[in-house]
Amino acid sequence: MELLLADDHVYTRKGLQQIIKTEFANSIITEVENGIEVLKHARDKNFDVIILDINMPKLNGIETMKQLHQNGNNSPILILSMYSEDQYAIRALKAGASGYLTKMSAPEELIDAINCILKGKKYITATLAEKLAGALGEKQGQSPHEQLSDREFLVLKMIASGKQVSVIAKELNLSIPTVSTYRARILFKMKMKTNAE
């Protein structure tokens, strides 16, 4: 098995590699720390599995996954994130992920997810399956944040964490006016007037 592992924390990558090697001893694992490096390594190559963190510098996991698909890369993608399923799982699956796990999951669950994805199936936890079932046909009662695009949702989380527009622009490689436009759209969709709200 050939696997591409993307996370900006070296200790996380080393730990994941150790877990994976216990089950897949002969696997070849390529480690990278951001989405740009993922795109470089996957330019001319399909991996058996790509494991992506959502929160990476330069290009986040969701944007990286979308770019991979646009580039014609068909590698199955497992999102492994510190964010709870409530926050990103459905968005990730809609964007084309083959599975979503939180970093709080047991090591055995990571192995189960990889095995499932290697068989060409989607991997979702029981709690996520319940959320998906409940979300079917539930557009009208949708929460305001669920109406945001993936990029708007990311900017919302960064604003909510107290980051300034200039800092967000730098981290996402966007111009300040572009981030300000996202902020204005977020406030409109969320029916809010200020960042504090």
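By convention here, the first residue in the shown sequence is residue 1.
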I'd like a table of donor-acceptor pairs (distance under 3.5 Å, sequence neighbours excluded) in which one partner is a side-chain atom from residues 110-119, with atom names and distances.
from, atom 1, to, atom 2, distance (Å)
Asn115, ND2, Ile111, O, 3.3

*Does the pair Ile77 and His69 meet the rule for a side chain to side chain contact (heavy atoms under 4.5 Å, CB included), with working shown?*
CA-CA 10 Å; Ile77 297 167; His69 292 145; 4.1 Å; yes
*Taking all atoms of both residues into account, what is the closest heavy-atom pair of Lys103 and Thr12, and its distance?*
NZ-CG2, 4.1 Å
*Any side-chain heavy-atom pair from Val155 and Arg185 closer than 4.5 angstrom?*
no
*Is the number of heavy atoms from other residues, nucleotides or ligands under 6.0 Å of Lys121 NZ greater than 12?*
no
*Closest approach of Thr102 and Ser105, non-hydrogen atoms and distance?*
O-OG, 2.8 Å
*Counting only heavy atoms not in His9, do more than 12 fall under 6.0 Å of its NE2?*
no
Would you be so kind as to tabulate the donor-acceptor pairs closer than 3.5 Å made by side chains of residues 60-68, with sequence neighbours excluded?
from, atom 1, to, atom 2, distance (Å)
Asn60, OD1, Ile62, N, 2.9
Asn60, OD1, Glu63, N, 2.9
Thr64, OG1, Leu59, O, 3.4
Thr64, OG1, Asn60, O, 2.7
Lys66, NZ, Asp150, OD2, 2.7
Gln67, NE2, Asn71, OD1, 3.1

*Look at the side-chain heavy atoms of Ile, Leu, Val, Met, Phe, Trp and Tyr, link any pair under 4.5 Å apart, and say whether Ile19 and Leu4 land in one connected group.*
no
*asked:* Quick check on Glu2: does its CD atom have over 12 non-hydrogen neighbours (other residues, nucleotides or ligands) under 6.0 Å away?
replied: yes
*Hey, are the side chains of Tyr83 and Lys157 touching, using non-hydrogen atoms and a 4.5 Å cut-off?*
yes
*Specify the closest pair of heavy atoms between Ser81 and Asp53, including all atoms of both residues, with the distance to one decimal.*
CA-OD1, 3.9 Å
*Give a yes or no on whether Lys21 atom NZ has more than 12 heavy-atom contacts from other residues, nucleotides or ligands under 6.0 Å away.*
yes
*asked:* Within the 4.5 Å heavy-atom criterion, are Leu101 and Glu109 side-chain neighbours or not?
replied: yes
*First locate atom CD1 of Ile51, then atom OG of Ser75, and finally report the distance between them rounded to the nearest 0.5 Å.*
12.0 Å
*Does the side chain of Ser175 come under 3.5 Å of the side chain of Thr178 through a donor N or O and an acceptor N or O?*
yes
*Contact summary for Asn173 and Lys58, nearest pair of heavy atoms*: ND2-O, 3.5 Å
*asked:* Has Asn73 got a side-chain atom pairing as donor or acceptor with Lys45's backbone, closer than 3.5 angstrom?
replied: yes
*Return yes if some donor-acceptor pair links the side-chain N/O of Ser27 with the main-chain N/O of Ile29 below 3.5 Å, else return no.*
no
*Measure up the Tyr88 and Phe153 rings against each other and bin them: parallel (under 30°), tilted (30 to 60°), perpendicular (over 60°).*
perpendicular
_Let me check something: do Leu80 and Val32 share a hydrophobic cluster, defined by ILVMFWY side-chain heavy atoms less than 4.5 Å apart, either directly or through other members?_
no
_Arg91/Leu148 under side chain to side chain contact (heavy atoms under 4.5 Å, CB included): CA gap, chis, key distance, verdict_ = CA-CA 10 Å; Arg91 286 179 184 276; Leu148 301 176; 4.1 Å; yes
*Taking the side chain as C-beta and beyond, is there a heavy-atom pair between Leu156 and Tyr182 under 4.5 Å?*
no
*Could you check if a side-chain atom of Ile54 sits within less than 4.5 angstrom of a side-chain atom of Met82, using non-hydrogen atoms only?*
no
*Flag yes if Leu78 and Val38 sit in one hydrophobic cluster, no otherwise; membership is Ile, Leu, Val, Met, Phe, Trp, Tyr, and two members link when side-chain heavy atoms are under 4.5 Å apart.*
no
_Minimal non-hydrogen separation, Asn74 against Asn46, with atom names_ = N-OD1, 3.0 Å
*State the CD-CE distance between Glu23 and Met1, to the nearest 0.5 angstrom.*
9.0 Å
_Ile186 side chain near Met192 side chain, heavy-atom distance below 4.5 Å_ = no
*Test side chain to side chain contact (heavy atoms under 4.5 Å, CB included) on Tyr100 and Ile124 and set out the steps.*
CA-CA 6 Å; Tyr100 188 97; Ile124 56 173; over 6 Å; no
_Rounded distance (nearest 0.5 Å) linking atom CD1 of Ile50 with atom CG of Leu5_ = 11.0 Å
*Do Met56 and Asp7 touch side chain to side chain, with heavy atoms closer than 4.5 Å?*
no
*Do Ile168 and Ile176 sit in the same hydrophobic cluster, where Ile, Leu, Val, Met, Phe, Trp and Tyr count as joined when their side-chain heavy atoms come under 4.5 Å apart?*
yes
*asked:* Check Glu171 with Lys163, please: is the shortest side-chain N to carboxylate O separation under 4.0 Å?
replied: yes
*Consider only side-chain heavy atoms of I, L, V, M, F, W and Y, link residues closer than 4.5 Å, and tell whether Tyr123 and Phe47 are in one cluster.*
no
*Sequence neighbours left out, what pairs pass salt bridge (Lys or Arg N to Asp or Glu O under 4.0 Å) with at least one residue falling in residues 26-37?*
Arg13-Glu31, Lys14-Glu31
*Non-hydrogen side-chain atoms of Val179 and Met158 separated by less than 4.5 Å*: no
_If you compare all heavy atoms of Asn34 against all heavy atoms of Ile36, which two are closest, and at what distance to 0.1 Å?_
OD1-N, 3.0 Å
_Using the rule given for side chain to side chain contact (heavy atoms under 4.5 Å, CB included), can you reason through Ile159 versus Gln164, listing the C-alpha separation, both sets of side-chain angles and the distance that settles it, and then say yes or no?_
CA-CA 7 Å; Ile159 290 170; Gln164 299 292 322; over 6 Å; no
